[in-house]
Amino acid sequence: MSAQAGPDAKHGSANSARGGNKGIKEVGADRKEKTQGRSATLLIVPTMVVLAVVILYPVINAIIMSLEHDQGLDPVTGTFVAGGFAGLSNYAHWLFQQCTDPSGATVSCPPGTLGAQFWGATGVTFFFTVVTVFFETILGFWMALIMARAFRGRSVLRAAVLVPWAIPTAVTAKLWFFIFAFDGIVNTVLNTSILWTGSEGPARAAIIIADVWKTTPFMALLILAGLQMIPADIYEAAKVDGASTWQRFKLITLPLVKPALMVAILFRVLDALRMYDLPAIMTGGANGTTTLSILVVNQIRIGFNSAAALSTITFLIIFIVAFIFVRFLGANAVESASGGAKGKIK
Amino acid sequence: MPKKISRMLLPVATAATFALLLSACSGGSGGGGGGGGGAATENLDGRGPITYVQGKDNSDVVRPLIEKWNAAHPDEKVTFKEQSDNADQQHDDLVKNFQAKNVDYDVASVDVIWTAEFAAQGWLQPLKDTMAVSTEGMLPATVKTGTYRDVLYTLPQTSDGGMLYYRKDLVPTPPKTWDEMMSMCPIAKEKGIDCYAGQFAQYEGLTVNVAEAINSQGGTIVGSDGKATVNSAEAKAGLGNLVEAYKSGNIPKQALTYQEEQGRQSFEDGKLMFLRNWPYVYNLAKTDGSSTVKDTFGIAPLPGKDGPGASTLGGHNLGVSVYSKNKATAKDFLAFMTSEETQKFYSTQGSLAPVLESLYTDPTLVEKLPYLPVLLTSIQNAVPRPVTPFYPAVTQAIQQNSFAALQGTKTVDQALTDMEAAINTTVSK
């Protein structure tokens, strides 16, 4: 079934953009559902098993690990010993910034520990996400509108737009690192002497610029795919009816491209929430650019169990954000595909 | 039906999306406690083929050496396992394989700052009793980097230390003390160039520079019991020197973004009078086409309080895995890889500084690496970076707090108080 749903889903999602055909059931569908259901389950089982192995197991393992203390040093032998059951103290460590001082008392984590950086890193991560996705959406939409038109050299333009996306992020980051160096291109061209990677505001700006440059093509491409599913005759009909360009954009393009747009934004938000390589290479997380992922990686080198707790927290944060998107903002990455196919298949 | 499936699939498919997110996070699993207790007494007289693990062999020194070894030991052949050239990746690769008790990681090249961590995990074979190896003639500071709790775990192979590069056309005699160097800064100002720079961006290089500043004033960072000792008058004077110099402009403001390369660039461009850097800069500044200081720079030991300053140590040591099956062979290989002849080869072929004191005055080597005598002074006065199994956390505490002090968002006192507290909370988990 899922094989059929693929091509049909495209039309489906466009047609059902307003969710019009939800809950409609055809006569006689019940019996068909039963027999199909069994084979469908059989077909899905291998996938489910693979998913369980590669997703469920690591997630559960991480949660189990997060309930144990990091290994501590045996003061006599000087070797590491397992930390033992910790309950939720690893989570408290991050959420309430609780550390243990040499006398064994719980104190708030002093500056310079990773524990003290959790909320800062969360804030930075969301700041980057909101700002970069905002700019990427606006610019991506604009680029998609241009690319959707028929003109000479369109394929050249499409290829050119894709170049930043095709470059590995690590290379991009190194590139921008040099561009934003003190005697780099930016300072030379602007005739300024800003420490781009040496102070908070400019460092964040530099990372945002690099990220927008890199991922706008991705947005543009996803939106372009959405635009191309809108049948041209709708526009023709609207033109005949005398709709202005703005009206056509507002009343036809926007609503019909919305499902694709929401999916694109969802992908980008999830991607941006785990941003790692750009700040890691450009600033190393200095100057208020430590994201949650950087914090996790730093913590892994210090203690696995606290790192597992932090990963789990990060996972939950991203899960909640994605849930809000899917549930309330109608980013139907999953439902529009199968839901839309419903009417067509039968 | 499709609706039912879609409902069933929704959580799975959503989970699939998130699995991608997690993939970055679940890299290191199962960090079981120090497990090597029993393994350290096994296979001590085992002989047979072994594997040598090291980071990328950029100047092609390891392969010829291993060929030479293999020709002489046909029954105990060494296989070379080459890692990436990124230190963090090398570290994580070693951790992963030691955790898995991999018997194929017999001998490993260990960065000087990892010894304590690996030893505390019980992954390294103590080099004592039947495994004892000679450290005779090696510079004492380098042997210290391989020692954890008075037991030698890794054998020094190559060393590295900081040196002061200076413009001898502007300052005929190099400064011996920090204060003297600061008093020379007006000369740079007159010429319109910057006075002093090291590595002050927030990364490992900052730890190196701050540790040198603190050690040079007689301060320490971590005591022998692993507790912080950084909140002292000496440490305050050390960090205070850097902060003061930054405030007064003797350290230019862009130095806060400097790693090794940016400082070297500025020095070679003739825009910097004093530079603290590693020996690798010497050959580049002499031969780089773009270098404007080829004949006008000199080198000196780092300036200290009353005489030469305390450099931190770089370099690599060799350790034997407790899980190795052929430890007797590994021990012989260690001796081979640290022999005088091998070290000469390392120095001439790979430009890596030796650990044998006598080689620093060897005429043929000095001809090839003219900085060796200066480097010797540097290493003789060197203090290893904090020897603690919690090094990754300790270096974070140093970097973040000293960077804040340099930026001026924290006083030196506050930075040292925070540094002390941060180190103590991480070591008392």
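Side-chain atoms are counted along with the backbone in the values below, which use heavy atoms only and exclude waters and symmetry mates. Letters A, B, ... are given to chains in the order of the sequence lines, protein chains preceding strands, and every chain is numbered from 1.
- Contacts between B:A421 and chain A at a heavy-atom distance below 4.5 Å involve backbone atoms as well as side-chain atoms.
- Only the side chain of A:F177 has a heavy atom closer than 4.5 Å to any heavy atom of chain B.
- For B:Y196, the ring pair (Phe, Tyr, Trp, His ring centres under 6.0 Å) partners two or more places apart in sequence, or in a different chain, are B:W178.
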Determine whether B:Y203 and B:Q259 satisfy the following criterion, side-chain contact (heavy atoms from CB on, under 4.5 Å), listing intermediate values before the conclusion.
CA-CA 8 Å; B:Y203 78 118; B:Q259 300 190 0; 3.4 Å; yes

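- B:Y391 pairs in a side chain to side chain contact (heavy atoms under 4.5 Å, CB included) with only one of the listed residues (B:T115, B:T207, B:V222), which is B:T207.
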Between B:N401 and B:L416, does a side-chain contact (heavy atoms from CB on, under 4.5 Å) hold up when you go through it step by step?
CA-CA 7 Å; B:N401 287 304; B:L416 291 175; over 6 Å; no

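- The ring pair (Phe, Tyr, Trp, His ring centres under 6.0 Å) check on B:H91 picks up B:W114, B:F118, with sequence neighbours excluded.
- A heavy-atom distance below 4.5 Å is found between the side chains of B:P389 and B:Y148.
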What do the steps show when you test B:F98 against B:Q121 for side-chain contact (heavy atoms from CB on, under 4.5 Å), and what is the final call?
CA-CA 9 Å; B:F98 285 144; B:Q121 291 285 9; over 6 Å; no

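- Counting heavy-atom pairs closer than 4.5 Å to chain A, the top-ranked of the candidates B:Q265, B:M419, B:Q399, B:Q407 is B:Q407.
- With chain B as partner, the option from A:G285, A:G198, A:C109, A:G83 having the largest number of non-hydrogen pairs under 4.5 angstrom is A:G198.
- Looking only at heavy-atom pairs under 4.5 Å with chain A, the residue among B:Q262, B:Q254, B:Q414 that has the most is B:Q254.
- Using a 4.5 Å cut-off between heavy atoms, A:L273 does not touch chain B at all.
- Of the listed residues (A:N298, A:L195, A:T113), the one with the most heavy-atom contacts under 4.5 Å to chain B is A:L195.
- Contacts of A:N287 with chain B are made by both backbone and side-chain atoms, with heavy-atom separations under 4.5 Å.
- Among A:G78, A:A286, A:G284, the residue making the largest number of heavy-atom pairs under 4.5 Å with chain B is A:G78.
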Run the numbers on A:S193 and B:K253 for side-chain contact (heavy atoms from CB on, under 4.5 Å), then give the verdict.
CA-CA 10 Å; A:S193 52; B:K253 74 166 188 168; 4.1 Å; yes

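- Interface remark: A:E68 contributes no atoms to any contact with chain B (heavy atom separation under 4.5 Å).
- Neither the backbone nor the side chain of A:T47 comes within contact range of chain B, judged by heavy atoms closer than 4.5 Å.
- When each of A:P111, A:A308, A:C99 is checked for heavy-atom pairs under 4.5 Å with chain B, A:P111 comes out on top.
- Comparing B:D225, B:D418, B:T409, B:L256 by heavy-atom pairs within less than 4.5 Å of chain A, the highest count is held by B:D418.
- The most heavy-atom pairs under 4.5 Å with chain A, out of B:D92, B:V95, B:I398, B:T417, come from B:D92.
- In this structure, the side chains of B:K128 and B:V151 come closer than 4.5 Å at one or more pairs of heavy atoms.
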